[in-house]
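Contents: one structure, followed by commentary.
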Amino acid sequence: MNESTPPPVIMPGGNAIQPRIVLWCITIVAVGLSLFQLYSAGIQPLGLFYQRSIHLALIMLLAFLMFPAFGPHRKRGVLGWGIDFIFFAGALITGGYLVLNLDAIFSRAGFWNETDILVACIATVTVLEASRRAVGLGMTIIGLLAIIYAFAGPRGELPWLGEWMPGILAHRGYSLDRVAGQLYLGQEGIFGLPLGVAATYIFIFVLFGAFLESTGAGKFFIDMAYAATGRQRGGPAKAAVLASAGMGSISGSAIANVVTTGAFTIPLMKKLGYKPKQAGGIEAAASTGGQIMPPLMGAGAFLIAEYTNTPYLEIVKISILPAIMYFATVYLFVHIIALKQGMQGMPKSELPQMRQVMKDGWHFLLPLAVLVWLLAMSMSPMRVGYYAVVTMIAVAVIRYALWYFFVAPKQGQPVTLERTRGVLWAGLVKLVQGLELGARNAVAVSMACAVAGIIVGVVGLTGLGLKFSSMMLAFSGGNLVLALVMVLLASLILGMGLPVTASYIVLIVLVGPALTAEFGVPLLIAHLVVFWYSQDSNVTPPIALAGFAGAAIAGSKPMETGVQAWKFAKGLYLIPLFMVFNPEIIVGGPVPVVIWNGVIAILALGAFAASLEGYLFTRMSWLPRLAIGGAIFAVFYPSLWTEVVGVVVMSVVIAANWQASRREVLSVPS
């Protein structure tokens with residue numbers, strides 16, 4: 001390499017080694033995408049197909065630039081660039097054909113010409129390849145299998161394959177024209193509801209989270225958590241739980257949350273006395289919970305709102321109590337381990353002061369307050385996201401301007417023309433970084449939603465959803481608990497190859513009708529249950545990506561850390577079960593009933609943590625641990641008498657352990 005050749009740069013998005021010209025192209029496309037999204041969200045809303053097609057075209061261009069064809073650690077070469085240029089053209093054709101020919105396509109709805117079908121095939125292949133690069137091979141394979149399934153039947157392109165289908169999965173089979181039209185030229189395929197939500201609500205809030213991250217909100221939330229909990233037993237671990245609750249809600253990714261907050265919290269947990277596998281597991285479990293924490297809940301709240309026709313604010317309100325229950329469980333695990341291992345809190349001198357933290361970062365709370373206020377005013381979530389982003393930028397600019405013109409001169413940094421130019425340039429760079437980061441972070445989610453649209457389109461075309469419901473009913477024998485176990489197992493299997501958002505979409509299309517129609521689960525609760533179970537794939541071995549990310553930071557074995565994360569996150573199993581059998585906490589009911597259910601649920605989850613760790617005020621023998629296990633089952637069973645019996649048993653065990661711990665204290669010589 002000669003001196004005139006710019007060195008390659010390791011790019012954060014995709015971890016690929018990229019030449020500078022590619023980085024410039026990524027920045028231009030990413031900033032253009034973010035500006036387009038802001039324009040359509042707050043200035044000039046666009047029609048359904050215009051919005052989604054332009055969004056998808058830009059997202060795919062970004063995916064092909066960020067992720068080379070042969071992997072992130074290999075140079076593209078001539079062949080790689082040739083492949084990429086073909087797919088660049090495919091991305092532009094995918095979006096441009098609809099934008100330029102939308103009226104003509106509508107006029108011949110159902111009677112497609114050869115060009116329509118050719119472009120539909122190009123679009124489908126391009127989407128699958130972009131998904132392979134940005135999301136992973138698993139998502140692409142499932143999309144391919146869905147397409148093959150649509151062709152498998154006596155009237156399809158693959159009639160011989162239809163002969164191998166079990167009777168319950170058999171269907172008539174469909175031609176290339178019908179499948180291509182379903183996937184590209186209608187509202188039930190690639191441009192269906194999943195991509196629609198990604199192209200509107202999800203992107204604008206991912207962009208909001210990117211600006212919070214780029215302006216330092218992450219450090220503010222972490223410092224605030226440490227100031228609040230650092231002096232308690234196991235303080236850093238409790239701070240990890242609280243910081244992950246705050247950051248996870250806005251980051252949109254459990255794994256991103258682990259590496260963001262875990263870089264601070266995991267080393268401190270290890271320093272305090274937590275085993276490396278425990279530190280990594282605690283951070284992974286807490287970060288996963290960020291996806292169920294209002295107000296943003298990753299991408300899930302928007303999808304649930306669209307699928308159930310429930311106002312977004314209502315989804316946020318009913319999710320508060322379950323989220324608190326989940327984090328209370330992780331928090332109790334942390335506290336019990338600290339007691340069990342005799343840990344103490346951190347010295348006051350090593351902790352940030354709450355007053356100073358709030359003085360330095362109070363402005364980060366203003367955009368969140370604006371967001372909640374506008375949602376309460378029943379404004380569209382997309383418009384709310386737009387104003388939240390604008391508020392975030394405005395607050396950052398005003399705060400820095402006040403410092404530059406009034407504080408800096410007193411510190412010996414006078415206002416000069418040269419320094420002002422430098423400050424303006426630095427501010428512009430920061431703005432571009434925020435716009436670029438938001439677009440980068442949205443690539444994987446949008447591509448997952450596009451392929452999920454393929455799967456949803458095939459399910460609708462072939463009637464697979466109703467057949468899956470019949471299978472589910474047959475295998476469970478009409479038992480709701482067994483049906484929920486099947487949903488859980490399905491979510492784990494899907495979660496090995498799909499991101500959480502895609503796993504939720506696929507599962508709710510397949511099992512949602514059975515849960516609501518056959519088992520009588522309310523629609524909203526069915527969606528929440530599937531969404532919660534989809535989160536569990538982040539922390540459940542053998543593929544626990546959030547747990548593995550925590551292990552990398554903690555320096556522990558990935559599988560051991562994954563097991564610890566699975567243990568700490570077991571609220572993801574129990575709380576959805578409680579929602580199903582006690583729907584009052586979600587759909588509403590008498591206030592005393594809601595309070596009673598909330599109290600006994602938190603009590604049961606705390607007892608569950610104690611029984612798993614074998615410690616409650618003092619070490620527990622196997623008998624009280626078994627008794628608590630039975631009591632937890634009784635509390636979650638839908639009967640008032642069993643709930644009362646379970647609460648009584650738990651109370652007796654708690655009281656007995658408390659007395660045992662007091663006797664141990666009194667027996668220790670002074």
Side-chain angles (χ1 to χ4, degrees), residues 241-242 244-246 248-250 254 257 285-305 307-308 310-333 372 375 480-481 484 487-488 491 500-501 503-504 507-508 512 515-516 521-539 568-591 593-609 632 635-638 643:
V241 175
L242 296 180
S244 296
S249 180
I250 62 175
N257 193 12
S287 295
T288 299
Q291 306 298 286
I292 55 176
M293 185 69 183
L296 302 187
M297 298 171 61
F302 307 110
L303 288 164
I304 295 172
Y307 271 122
T308 62
T310 304
Y312 171 74
L313 183 60
E314 190 65 25
I315 303 294
V316 168
K317 282 163 42 179
I318 63 177
S319 297
I320 291 174
L321 179 57
I324 290 174
M325 290 163 62
Y326 175 81
F327 279 103
T329 308
V330 180
Y331 196 93
L332 285 168
F333 266 116
V372 174
L375 285 175
L480 179 55
V481 175
L484 292 173
V487 174
L488 177 59
S491 73
V500 167
T501 304
S503 178
Y504 157 73
L507 263 181
I508 199 61
L515 288 177
T516 53
V521 178
L523 178 64
L524 190 53
I525 292 178
H527 279 261
L528 286 171
V529 167
V530 172
F531 180 65
W532 274 59
Y533 280 166
S534 298
Q535 307 294 329
D536 196 54
S537 62
N538 279 316
V539 290
F568 296 137
K570 282 293 78 44
L572 290 174
Y573 285 178
L574 296 178
I575 295 171
L577 199 64
F578 195 75
M579 293 181 199
V580 171
F581 291 129
N582 299 273
E584 299 85 3
I585 66 172
I586 298 297
V587 298
V591 174
V593 174
V594 174
I595 293 174
W596 163 259
N597 285 331
V599 170
I600 66 170
I602 291 176
L603 181 64
L605 290 167
F608 173 71
I632 293 169
V635 165
F636 281 82
Y637 192 78
E643 287 178 359

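For clarity, every value in this text was computed on a predicted model and none was experimentally measured.
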Where do Val580 and Val481 land on the side-chain contact (heavy atoms from CB on, under 4.5 Å) test, with the steps shown first?
CA-CA 10 Å; Val580 171; Val481 175; over 6 Å; no
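- Heavy atoms only, all atoms of each residue included: Ala569 and Asp536 are closest at O-OD1, 4.5 Å.
- Side-chain contact between Leu480 and Phe581 is present, with heavy atoms from C-beta onward closer than 4.5 Å.
- Residues Thr310 and Leu523 fail the side-chain proximity criterion, which asks for heavy atoms closer than 4.5 Å.
- Considering only residues two or more places apart in sequence or on other chains, Tyr331 meets the ring pair (Phe, Tyr, Trp, His ring centres under 6.0 Å) condition with none of them.
- A distance of 13.0 Å separates NZ in Lys317 from OH in Tyr312, rounded to the nearest 0.5 Å.
- Partners of Tyr533 under the ring pair (Phe, Tyr, Trp, His ring centres under 6.0 Å) rule, at least two apart in sequence or in another chain, do not exist in this structure.
- The two residues Leu507 and Ser534 have their closest heavy-atom pair at CD1-OG, 4.1 Å.
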Report all side-chain donor-acceptor pairs from residues 525-532 shorter than 3.5 Å, counting only partners two or more places apart or in another chain.
| from | atom 1 | to | atom 2 | distance (Å) |
| --- | --- | --- | --- | --- |
| His527 | ND1 | Tyr504 | OH | 2.8 |

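- Minimum heavy-atom separation, Gly289 to Tyr326: CA-CE2, 3.4 Å.
- Using a 4.5 Å heavy-atom threshold, the side chains of Phe568 and Thr288 count as separate.
- In this structure, Gly571 and Pro576 approach most closely via the heavy-atom pair O-CD, 3.7 Å.
- Rounding to the nearest 0.5 angstrom, the gap separating the CD1 atom in Ile318 from the CD1 atom in Ile304 is 7.5 Å.
- We find the OG1-CD1 distance between Thr329 and Ile575 to be 5.0 Å, quoted to the nearest 0.5 Å.
- Note: Ile600 CD1 to Leu605 CG = 10.5 Å, rounded to the nearest 0.5 Å.
- Between atom OG of residue Ser491 and atom CG of residue Leu484 there is a gap of 11.0 Å, rounded to the nearest 0.5 Å.
- Rounded to the nearest 0.5 Å, atoms CD1 (Ile508) and OG1 (Thr516) are 8.0 Å apart.
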